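Source: prediction; values computed, not measured.
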Amino acid sequence: ATVDPRYWDNYIPLLGLPVGFDWEETPFLFLTGDDILAFKKEEIDSILSRGAVMDIRAAECLCHSGYSERLGIRVKETLNLEDDLYVEHFKDDTGFHGRWGGGYEYLPHRAREFILSKKIEILDRKVKVLSVIKHRSGREISPAVVCYENIKGERFGILAYSPEQDPGGR
């Protein structure tokens with residue numbers, strides 16, 4: 001499937017992340033899709049050493065390449081969220097204030113909004129879950145947004161969704 005390369009441009013500022021175009025100066029990068037697979041190991045290590053925010057497809061590619069421990073998570077099975085019974089629920093203790101603080105149920109997860117959603121398995125107790133995908137019945141399905149600072153001081157933000165199709169139905 002073809003993904004609009006500018007898809008995230010609409011969301012990045014809404015997440016409160018600065019937008020820049022100088023790869024040499026930016027304090028972190030936003031990784032999407034499977035582009036990371038085109039880099040050599042040394043290049044990936046350099047990219048990750050600065051910190052990164054990434055969608056689930058980029059995280060999955062990194063995990064399959066042996067970076068799970070470094071990211072603090074493992075990407076699991078695809079979630080079938082084909083109706084509007086699923087919402088993203090922000091945790092009370094995330095540090096968000098105002099609209100997203102206090103357990104605000106914010107984003108309905110539908111197949112047409114985020115085509116690819118996958119379950120995240122937490123590998124380190126230091127991974128902070130900022131929001132979860134919940135069924136409207138209240139049952140938690142998976143973390144939706146997590147952040148993690150590993151032992152090297154590298155910081156990662158991982159979103160459990162992506163606007164692209166699952167390439168292998170995994």
Point-to-point distance, once rounded to the nearest 0.5 Å, from CG of Asp55 to OG of Ser117: 10.5 Å
Spatial distance of atom CZ (Arg70) from atom OH (Tyr148) [nearest 0.5 Å]: 11.0 Å
Within one Ile-Leu-Val-Met-Phe-Trp-Tyr cluster: Leu123 and Leu159, side-chain cutoff 4.5 Å: no
Atom pair OG/CD of Ser68 and Glu60 - distance to nearest 0.5 Å: 10.5 Å
Atom pair CD1/CD of Ile36 and Glu43 - distance to nearest 0.5 Å: 9.0 Å
Nearest-0.5 Å distance, CG of residue Leu37 to SG of residue Cys61: 4.0 Å
Heavy-atom closest pair, residues Pro143 and Val129: CB-CG1, 4.1 Å
4.5 Å side-chain heavy-atom contact, Ile73 and Tyr67: no
Shortest non-hydrogen contact between Lys76 and Lys118, atoms and distance: O-CD, 3.6 Å
Candidate pair Lys152 and Asp45, rule salt bridge (charged side-chain N to carboxylate O under 4.0 Å, His left out), full reasoning: CA-CA 12 Å; Lys152 296 179 179 182; Asp45 288 336; over 6 Å; no
Closest contact, heavy atoms only, Leu31 versus Ala52: CD1-CB, 3.9 Å
Flag side-chain contact, heavy atom, 4.5 Å: Phe156 against Leu48: yes
Closest heavy-atom pair and its distance - Ala160, Ile133: CB-CD1, 4.5 Å
Side-chain heavy-atom pair Ile120, Ile56 within 4.5 angstrom cut-off: yes
Pairwise distance NZ(Lys134) to CZ(Arg139) - rounded to 0.5 angstrom: 11.5 Å
Atom of Ser49, atom of Glu154 and distance for their closest heavy-atom approach: CA-OE2, 3.3 Å
Contact summary for Arg57 and Ser162, nearest pair of heavy atoms: CB-OG, 4.1 Å
